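Reviewing the structure listed below.
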Amino acid sequence: MVDDIDAEVAALKSRGVTFEEYDLPGYRTVDGVCRVEGVGRAGYFKDSEVNLLGLVQFG
């Protein structure tokens with residue numbers, strides 16, 4: 001959980017992290033961040049072992 005997902009994504013991207021991009025009905029990322037209805041905003045990336053990790057900003 002993060003307070004400012006845009007700042008966190010920017011900081012991680014500046015360190016070389018690549019965020020996943022999705023373009024699905026009702027679920028599309030813009031610059032690595034998507035809006036999840038009823039939840040908030042989220043961004044996902046893979047670690048060195050290909051585990052999918054995520055950030056979420058509720059609200």
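Here the structure is a predicted model, which means the values were calculated and not measured. Just so you know, these numbers use all the heavy atoms, side chains as well, and skip hydrogens, waters and symmetry mates.
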Side-chain heavy atoms under 4.5 angstrom apart, residues restricted to Ile, Leu, Val, Met, Phe, Trp, Tyr: same cluster for Y22 and V33? no
Side chain to side chain, V36 and Y27, heavy atoms closer than 4.5 Å: yes
Mark yes or no for whether T29, through its side chain, and C34, through its backbone, hold a donor-acceptor pair below 3.5 Å. no
Donor-acceptor pair, E20 side chain versus Y44 backbone, under 3.5 Å? no
Of all the heavy-atom pairs spanning E21 and V30, show the shortest one and how long it is. OE1-N, 4.3 Å
With a 4.5 Å heavy-atom cut-off, do F58 and M1 have their side chains touching? yes
Given the rule that I, L, V, M, F, W and Y join up when any side-chain heavy atoms are under 4.5 Å apart, are L24 and V39 in one cluster? yes
Do V56 and V2 sit in the same hydrophobic cluster, where Ile, Leu, Val, Met, Phe, Trp and Tyr count as joined when their side-chain heavy atoms come under 4.5 Å apart? no
Minimal heavy-atom distance between L55 and I5, with the atoms involved, is O-CD1, 3.8 Å
Just so I know, are the side chains of T18 and F45 near enough to count as touching, which here means a heavy-atom distance under 4.5 Å? no
Can you name the nearest heavy-atom pair linking K13 to D31, along with the distance? NZ-O, 3.1 Å
Other residues, nucleotides, ligands: >12 heavy atoms within 6.0 Å of N51 CG: yes
Specify the closest pair of heavy atoms between D6 and R41, including all atoms of both residues, with the distance to one decimal. OD1-NH2, 2.9 Å
